[in-house]
Every structure is written in structure tokens, then in C-alpha cells.
Number of protein chains: 2
Amino acid sequence: MSYDPSAFPPFAVTVDLVVLTVRRHALCALAVRRGESPFQGRWALPGGFVRADEDLAQAAERELAEETGLRVHDPAIPAQDHGAHLEQLATYGDPKRDPRMRVVSVAHLALAPDLPAPRAGGDASNARWAPVDELLEQGGYGRDGEPVAPLAFDHAQILWDGVERARSKIEYSSLATAFCPPEFTVGELRRVYEAVWGVALDPRNFHRKVTGTPGFLVPTGGTTTRQGGRPAQLFRAGGATLLNPPMLRPEV
Amino acid sequence: MSYDPSAFPPFAVTVDLVVLTVRRHALCALAVRRGESPFQGRWALPGGFVRADEDLAQAAERELAEETGLRVHDPAIPAQDHGAHLEQLATYGDPKRDPRMRVVSVAHLALAPDLPAPRAGGDASNARWAPVDELLEQGGYGRDGEPVAPLAFDHAQILWDGVERARSKIEYSSLATAFCPPEFTVGELRRVYEAVWGVALDPRNFHRKVTGTPGFLVPTGGTTTRQGGRPAQLFRAGGATLLNPPMLRPEV
DNA sequence: ACAATAGTGTCTATAAGACAGTATTGA
DNA sequence: TCAATACTGTCTTATAGACACTATTGT
């Protein structure tokens, strides 16, 4: 463990982002089309180099803002609207993961409410929300008939790891509310769980669970009828971040 | 997100190791004494540079073997003795975390059974197992009367994160067996949980829980009396890696 | 005998799964 | 009217927590 600063191999360090949202009952991730070689024209996760004077979290926040306009939700500001959740996911450093040079990517996971439309430097055709099932498929055709190619680099692996992280973390935390707008109904929150886990949940038991867990949901007093049917109470996310006992994920 | 390989800031990439074990009913971590500036003479986590042609996991395995002689347990070889568990923990990249240059450290977490004695390049005085409480204390004196200085760099943060990861992971996985020798008793496994969590567990309910979870423990047929009292059955770790329902950690 | 640890059994409280039934809207 | 969603309540089952009791060793 000699620590000689004059003799170390130089690396490039990037941050890549797994930005997840729930649209039309499906778990979707933000993908951008690569304009250059390698993997030119293929879809990839958004990301970029960490700057020389920048912390890893700062770099991830900057990339997230550049790609989506989202600011990161600060838990110290509970009333803040439309903040995304951002956390470090894992680091990928296979020597051959980028054919050009040695790149270590510190992947981050962001959870966002359903957003108007993606923007990638102003060019909408080069960024989209795609169902994660579609992005993780090996070949075939997407819902719009466009042929599906695997994601660039090791981004399929990174996306898979991010999805798994999100799937397990909503079990024991209140993170699922990060997919919801500031005010939401129990039914909307349930549809988030159903989309992320890909299962159907009993609406009555779900209602009992989330309303019975202290600090999870706070009623705002308002109601909404945007789902059709009987008007539903609106809630905000409460202060509790940990769910104990957890929300149980049904067997597959 | 321009991806120009000719213009990226160069980083050094290291792996640092949080190696945990349970000795004398206390959760301990491997610490090495720094021989050079900065933080000369202070305790630090073992680690070193990632080589140019090396994957991150390979680098962590190499460092672990260099510091402890431990090989990583391969789940594909269930009969393998004294294998440690190794997983990536998190990556630390504050621009000022190393005063000499920009270093990004990919921390890894290793869980090991109680080992004979640490070795650091053959020099035993420069490596030791220390209770994590002692390493995380701010000043004061350790159990041997030696004055305690904070760990070098941001290693206190890294150690804390590793301990938290271990504490939560033994709740829902069979990872606690990584702290045990190949054959162990229910009581020994319970003392691992007690040391890692810092709580007392009811021996009877613990026994019911671990023996009643299918695939967690496999009896070997042997018995031992090394704890004193009535001879106890010996077990190996079963194939199950996930504990469902989890082992519940008592409130503090 | 006694201390120490191993192991079994029993009662209770909590919470999840299944599902009946009522309430309030829009079409 | 009916379909759709929201909500309340009830019964059963699984499991954790507390703790009485027996079993088998060393001193």
C-alpha cells in the first residue's frame, strides 16, 4: 500500500444517472441518444465528466439539472416542490468498459415525479423517457415500432442495478413518494408501487398500511377526483423516511 | 455531456477497505498505521491504488489478500473454508479529501471470521484489529492506554458507512455467517448479531428464528462444547442468502 | 450442588392476507 | 342505472416478544 503520488495510473471519472419516473403505469428511465462514437446513435444513460473542483454529488446534481431541469429535493426544506431524490448507486470501473480510455463511472440514482418532457440541450429527439423493460430488452422492437438496441457501454447493467435499488428501497422507506407530485392520493401512491414492482396490490390493505403508519402520510385537507370515481383525500409525504414494519413485496 | 477524451481532468483512483470481524464480543475493523505524510503515524483503513489494467473488485481482492491473507469466498464453492465476504460499499470523491491531489476512493466492505493476527507487509505493529467504537471516537484513550487520534483522511466516515451497511445487511441476509468459522453454533451466531448491533437478544427466540428459517442453517451432525455448558449442535451456512422475514433489530 | 449454556414449549400482541360491504363521483 | 374508485371493517393466519421449563455439560 505504497502511496506515491508521482506514480499512479490516470483515470477519467464520470457520473452516470439512472433517472426513474412512473409514466402511464410503467417504470421509465431517462435515456439519451449518443451523437458520437463509440455506440453512435445508441441510447445511453445521461452523464458526463466530473470536473476538477467538483464533488461527486455536485457533479450528479449538475448533470441532473442539465438533463431534466430538476433540482434535488433537500430534506431540510419539506415544503419544496418537485424536488427529486438523488443518491449514489455504485461505481463501475471495468478496464474495458470504455474502448477509448480508462473511465470509472460513479453511477447515481434519481427518482422523479412524472415530468412534462425531457430536454437534452434543447434537442428533444435526443432524449426520452423509455420503459425500463424496453431498455433492458435484448433486441426486438419497442412500443413505437422503433428497433431496440442494447444500451451503450455497461449502461444496461447500471440501469438494472438502479431499478433493483429502487425496488428494494421503497419496501422499507418512504421513497416511493419521490415518484409522486407534492400532493397525491393513496391510489396514486399505490400505482407507483405497482409500477415499480410490477405487481397488483390489494387497494384496501394498502390503504390500511400507508394511512396506519405514523408519519408516512399527512392529509392536506383537499380532495381530488382526477382518477375518476369517488373523490380521494390528498396527502403530502410526512417526515418519516423509514417504514417500520416495511411494505411487504408480494412473492412473484 | 460532451465526451471529449482529450479534455478530462485526471484522477487517481484507489480502493479502501472496511474489513470487519468480531473479536471478544466486539465489532472490530482492520486499521493500518500510516508511515508517510499526510497523516503520518495516524491509523487509516487499508487500501491502495487501482492498477491500470485492474477491475475495481480485483483491486479490492488484491488489497484484502495483501493485508490479511484472506481470499474472497466464492458462492459457487460452498465448501470453501474461511472465505471472506467482499462487496463494494460507496465511492468518496471530495476534491479536498486528499491534500496532495484529486483522489477518488472506491470503498469496499469485507466481513471476515476471527483471524489469527493481522499482517501488514510482515510488520505486525503497523496493523491491528481495533473495536470500531474506539476507531470512531474523537480523541480519548483506547483500551490499551494508547491515545486515540481520529482516522486519517475521511476514513472515519467510510468506516461508519461500512458499519451501518453491515448492521442493516445482517437483518435481511445470511451475511452474519461470514463472521463465523465454517462450522459454528447458534449461540456463536447470536453473539455475532449482538456484537454487530450492540444489543442483547433473547437466546430462545433467536434459536427459534434461525433454526426455523429454511435454508439458513444446515446441521453438520457434530457438536461442540467450546462455549461451556451443554454441548451445542454445529451448523454450516445454508444456501439461502436472503432472510424472509428478516431478523428484527430491537429498538435502541 | 451449582453455574452456564442449549434447546423446547406456551401465551400474547401485532400485523399482514383475504375479502364483505358502504360511499361518492362521472357517464 | 352502472362502472369506477375510495374507504371501513372483520376474520384468519403468521410471527415476534416475553418467559417458564427441561437438558447436558464443567467445576
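Values below: every heavy atom of this structure, side chains too, minus hydrogens, waters and symmetry copies. Order of the sequence lines fixes the chain letters, A, B, ..., with proteins taken first and strands second; residue numbering starts at 1 for each chain. Note that this is a predicted model, so its numbers are computed, not measured.
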Take atom [atom1] of [X] and atom [atom2] of [N], then tell me their distance rounded to the nearest Å.
{"X": "A:Leu243", "N": "C:dT14", "atom1": "CG", "atom2": "C1'", "value": "16 Å"}
{"X": "B:Gln233", "N": "D:dT25", "atom1": "CD", "atom2": "C1'", "value": "15 Å"}
{"X": "B:Phe206", "N": "C:dT8", "atom1": "CZ", "atom2": "C1'", "value": "17 Å"}
{"X": "B:His207", "N": "D:dC19", "atom1": "NE2", "atom2": "P", "value": "20 Å"}
{"X": "A:Met247", "N": "C:dA15", "atom1": "CE", "atom2": "P", "value": "14 Å"}
{"X": "A:Leu201", "N": "D:dA6", "atom1": "CG", "atom2": "C1'", "value": "16 Å"}
{"X": "B:Arg226", "N": "D:dG26", "atom1": "CZ", "atom2": "C1'", "value": "17 Å"}

Do B:Glu164 and B:Arg167 sit within salt-bridge range, that is, some charged N less than 4.0 Å from a carboxylate O? yes
Considering only distance and modelled atom types, tabulate donor-acceptor pairs under 3.5 Å from the side chains of residues 213-220 of chain A, sequence neighbours left out.
unit_1   : atom_1 : unit_2   : atom_2 : d
A:Thr213 : OG1    : A:Lys209 : O      : 2.8
A:Thr220 : OG1    : A:Gly222 : N      : 3.3
A:Thr220 : OG1    : A:Leu234 : O      : 3.3

Scan residues 181-209 of chain B for pairs that pass ring pair (Phe, Tyr, Trp, His ring centres under 6.0 Å), counting only residues two or more places apart or in two chains. B:Tyr193-B:Trp197, B:Tyr193-B:Phe206
Filtered N/O pairs between nucleotides 23-27 of chain C and protein, under 3.5 Å:
unit_1 : atom_1 : unit_2   : atom_2 : d
C:dA23 : O4'    : A:Arg230 : NH1    : 3.3
C:dA23 : N3     : A:Arg230 : NH1    : 3.4
C:dT24 : O2     : A:Arg230 : N      : 3.3

With sequence neighbours excluded, residues passing salt bridge (charged side-chain N to carboxylate O under 4.0 Å, His left out) with [X]:
{"X": "B:Arg208", "result": "none"}
{"X": "A:Asp154", "result": "A:Arg97"}
{"X": "B:Glu61", "result": "none"}
{"X": "A:Asp202", "result": "A:Arg204"}

A:Asp114 side chain near A:Val22 side chain, heavy-atom distance below 4.5 Å: no
Considering every strand and a 4.0 Å limit on heavy-atom distances, what is the contact class for B:Arg190: base, sugar-phosphate, or nothing? sugar-phosphate
Please list each protein N or O that sits under 3.5 Å from an N or O in nucleotides 14-18 of chain D, with the distance.
unit_1 : atom_1 : unit_2   : atom_2 : d
D:dA16 : OP1    : B:Lys209 : NZ     : 2.8
D:dG17 : N7     : B:Arg208 : NH2    : 2.9
D:dG17 : O6     : B:Arg208 : NH1    : 3.1
D:dA18 : N7     : B:Asn205 : OD1    : 3.4
D:dA18 : N7     : B:Asn205 : ND2    : 2.8
D:dA18 : N6     : B:Asn205 : OD1    : 3.2

Please tabulate, one pair per line, all N/O donor-acceptor pairs under 3.5 Å involving side-chain atoms of residues 173-183 of chain B, not counting sequence neighbours.
unit_1   : atom_1 : unit_2   : atom_2 : d
B:Ser173 : OG     : B:Lys169 : O      : 2.7
B:Ser173 : OG     : B:Leu175 : N      : 3.1
B:Ser174 : OG     : B:Ala240 : O      : 2.9
B:Thr177 : OG1    : B:Ser174 : O      : 2.7

